[in-house]
Asks: 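Structure incoming, see below.
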Amino acid sequence: MLDIQLLRANPAQVAARLATRGVALDAAAFEVLEAERKTLQTRTQELQAKRNSLSKQVGMLKGKGEDASAVLSEVAGIGDELKANEEKLAVLQERYNAFVAVIPNLPHESVPVGRDETGNVEILRWGTPRSFGFAAKDHVELGERLGGLDFETAVKISGSRFSLMKGGIARLHRALAQFMLDTHTGEHGYTEVYVPYLVNPDSMFGTGQLPKFEEDLFRVPRADGSQLYLIPTAEVPVTNIVRGEIVDLAKLPLKFVCHTPCFRSEAGSYGKDTRGMIRQHQFDKVELVQIVHPEKSWEALEDLTGHAEAILKKLELPYRKVALCTGDMGFSAAKTYDLEVWLPAQNTYREISSCSNFEAFQARRMQARFRNEKNKPELAHTLNGSGLAVGRTLVAILENYQNADGTVTLPDALRPWLGGLERLAPEA
RNA sequence: GGAGAAGUGGCCGAGUGGUCGAAGGCACUCCCCUGCUAAGGGAGCAUACGGGCACAAACCUGUAUCGAGGGUUCGAAUCCCUCCUUCUCCGCCA
């Protein structure tokens, strides 16, 4: 959520910055709403103050055993107007909140301005895409030949956009997640957490998935009429660890790493990436989350992105780092770096990690605070990034490490997690 | 799933209709005192939002908040209803 003070003080300026994201803020409509709110709230509070002080008088008179009927009849006179005002204010407040809740974060000044992904700016490339002496196969073909990727059976069990892994590929998938977790806990100072995969609406609101993006989520209705949602990323449960909390200054930064499945309905992406494991309803991801002092969040974004890059480097997968432009960033982000891994079969770089600083946007929605140097509660800054998407990492390894005979040599860095497995080959 | 008990500020804890946003204690901050010692004295110390206010801080003032939501009342931490959570016992179960 944006700082409401900023929006009140400078609606035009906020609108201009949002316009760079392609979002039209109706500043005029907001100002009408704001004016209405101000009048109504002031009036309501006046009436409440009057009622409170008169009621206090009643108490004092009765305490002394005196007659309070004059005061009682005076207070009775404001009852109707007060009630009407309170009801109107509640309705207005709801409209007001709904208006503010769907406004995305303001882009940081360093974010390149652009309409869509074509406006993104490449920051660096690492590694050199390998040249194959043969026609490189894609992961679907490789996986099916190896007998470890079975999309047909997944379709039978669940439907399209699900996958089923077996044998060495399933083992590789598990090893990747373990390798990432162990690297981030052992080398980057993160604390491993295990979290619920179903979360309540408040948590989804806190990180910004609700109210605007419900159609991207899997919703689970319950018998009592309430609902839970399957997490689209570990960011949701992990960041919400600090929802409504006031953390001691000395505890910052909080750094969590978490491996979970992620569930996305992928509404509106029909026909996109339908082949293979690139875009699934369910995929595993190792997520990095940091809760930091506001003065440290930009430094933390660079660190966190570096932690995700370290995984790609250890796996020796060529990648590039891209700064997303204003028009391509997610709802809650102030700035985002995408890491894109080289996929030889597609002859292109594909997103494998997204690292963002949300500044106080999420913290304000979830009232995640810390006690600052003056001992006062202050909103923290939150960040997260994939470190990495496990399924896409698996795809990248299959494709980049494939041999002419269709076998796949596994990266050295993964050996300790593979129980002696060095190569994927078709089962006899 | 059944029976019972309970949810109050950073923490502990008092408060069963009226100057209660809430005693007291701990922790914390500042000041004083003390030649050392987890000693003593004083003051301050919840959050959100609004108004004063034209930007910020400070300050003053108001409103709301005692698990959440609704209700009764001139007035609710206190009474009523619904829900949530925790604890104890029973049942069931990875």
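Atom set for the values below is all heavy atoms of this structure, side chains included, hydrogens, waters and symmetry mates excluded. This is a predicted model, so every value here is computed, not measured. Below, read A as the first sequence line, B as the second, and so on, with proteins coming before strands; counting in each chain starts at 1.
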Asks: Which residue lies toward the 5' end of RNA chain B, A:S53 or A:Q367, if each is placed at its nearest nucleotide?
Replies: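 Its nearest nucleotide being more 5', the pick is A:Q367.
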Asks: Which of the following nucleotides, B:rC49, B:rU47, B:rC74, is nearest to the side chain of A:K376?
Replies: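 The nucleotide sitting nearest to the side chain is B:rU47.
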Asks: On a whole-Å scale, what distance lies between the P atoms belonging to B:rA39 and B:rA48?
Replies: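 These two P atoms come out 33 Å apart once rounded.
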Asks: Name the nucleic acid region contacted by A:A49, choosing base, sugar-phosphate or nothing; use a 4.0 angstrom heavy-atom cut-off, strictly under.
Replies: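 It contacts sugar-phosphate atoms only.
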Asks: Base, sugar-phosphate, or nothing for A:I246, non-hydrogen atoms under 4.0 angstrom?
Replies: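 Touches nothing.
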Asks: Could you please name the partner base of B:rU47, counting Watson-Crick and G-U wobble pairs only when both distances are under 3.5 Å?
Replies: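 Per the H-bond distance test, B:rA64.
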Asks: Between A:R21 (side chain only) and A:C325 (backbone N and O only), is there a donor and an acceptor less than 3.5 Å apart?
Replies: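 No, the answer is negative, given that no donor and acceptor are paired below the 3.5 Å cut-off.
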Asks: Just to verify, which of A:K335, A:K321, A:K296 counts as forming a salt bridge (Lys or Arg N to Asp or Glu O under 4.0 Å) with A:E302?
Replies: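 Single salt bridge (Lys or Arg N to Asp or Glu O under 4.0 Å) partner of A:E302 among A:K335, A:K321, A:K296: A:K321.
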Asks: Does B:rG75 have OP1 or OP2 under 4.0 Å away from a side-chain N or O of A:K56?
Replies: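 No, A:K56 has no side-chain N/O under 4.0 Å of OP1/OP2 on B:rG75.
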Asks: Between A:R369 and B:rA48, is there a contact of a side-chain N or O with OP1 or OP2 at under 4.0 Å?
Replies: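 It does, given that an N or O in the side chain of A:R369 lies less than 4.0 Å from OP1 or OP2 of B:rA48.
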Asks: Whole angstrom is fine here: how far is it from CD1 in A:I4 over to C1' in B:rA48?
Replies: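 After rounding, the gap between these two atoms is 13 Å.
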Asks: Contact class for A:R43 (heavy atom, under 4.0 Å): base, sugar-phosphate, or nothing?
Replies: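 Nothing: the residue A:R43, judged by heavy atoms under 4.0 Å, touches no strand.
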Asks: Determine, stepwise, if the pair A:F358 / A:T207 fulfils side-chain contact (heavy atoms from CB on, under 4.5 Å).
Replies: CA-CA 9 Å; A:F358 304 93; A:T207 35; over 6 Å; no
Asks: So, does A:R51 get its side chain near the phosphate of B:rA64, meaning an N or O under 4.0 Å from OP1 or OP2?
Replies: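 Looking at the OP1 and OP2 atoms of B:rA64, one of them is under 4.0 Å from a side-chain N or O of A:R51.
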Asks: For the P atoms, the ones on B:rC89 and on B:rU16, what distance do you get once it is rounded to whole angstrom?
Replies: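 Those two atoms are separated by 30 Å.
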Asks: So A:Q5, base contact, sugar-phosphate only, or nothing? Heavy-atom distance under 4.0 Å.
Replies: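 Sugar-phosphate, backbone atoms only, no base.
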Asks: Write down the distance separating the P atoms in B:rC20 and B:rU72, rounded off to the nearest Å.
Replies: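 Straight-line distance between the two P atoms is 26 Å.
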Asks: Determine the contact category for A:K62: base if any of its heavy atoms lies under 4.0 Å from a base atom, sugar-phosphate if only primed atoms, P, OP1 or OP2 are that close, otherwise nothing.
Replies: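 Base, at least one base atom sits under 4.0 Å.
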Asks: Determine the interatomic distance between P on B:rG25 and the same-named atom on B:rC81; round to the nearest Å.
Replies: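 Per the computed distance, 37 Å lies between those P atoms.
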Asks: When all nucleic acid strands are considered with a 4.0 Å heavy-atom cut-off, which category describes A:D248: base, sugar-phosphate, or nothing?
Replies: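 Nothing: the residue A:D248, judged by heavy atoms under 4.0 Å, touches no strand.
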Asks: Say you pick atom C1' in B:rA27 and the same atom in B:rG44; how far apart are they, in whole Å?
Replies: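 So the two C1' atoms sit 14 Å from each other.
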Asks: Using atom P in both nucleotides, what's the gap between B:rU82 and B:rG2 to the nearest angstrom?
Replies: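 My reading of the P atoms in B:rU82 and B:rG2 gives 14 Å.
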Asks: Over 60° means perpendicular and under 30° means parallel, so classify the ring planes of A:Y190 and A:H188, tilted if in between.
Replies: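 Geometry flag for A:Y190 against A:H188: perpendicular rings.
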Asks: I'd like the P distance from B:rG70 over to B:rU88, given in whole Å.
Replies: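 Nearest-Å result for B:rU88 against B:rG70 at atom P: 32 Å.
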Asks: Taking the minimum atom-to-atom distance to the side chain of A:V75, which one of B:rU63, B:rC74, B:rU47 wins?
Replies: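 Looking only at side-chain atoms, A:V75 lies closest to B:rC74.
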Asks: Expressed in whole Å, how much space separates the C1' atoms belonging to B:rG40 and B:rU34?
Replies: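 Nearest-Å result for B:rG40 against B:rU34 at atom C1': 8 Å.
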Asks: A quick test of your reading: do over 12 heavy atoms of other residues, nucleotides or ligands sit less than 6.0 Å from CD of A:E66?
Replies: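 Result for CD/A:E66: enclosed.
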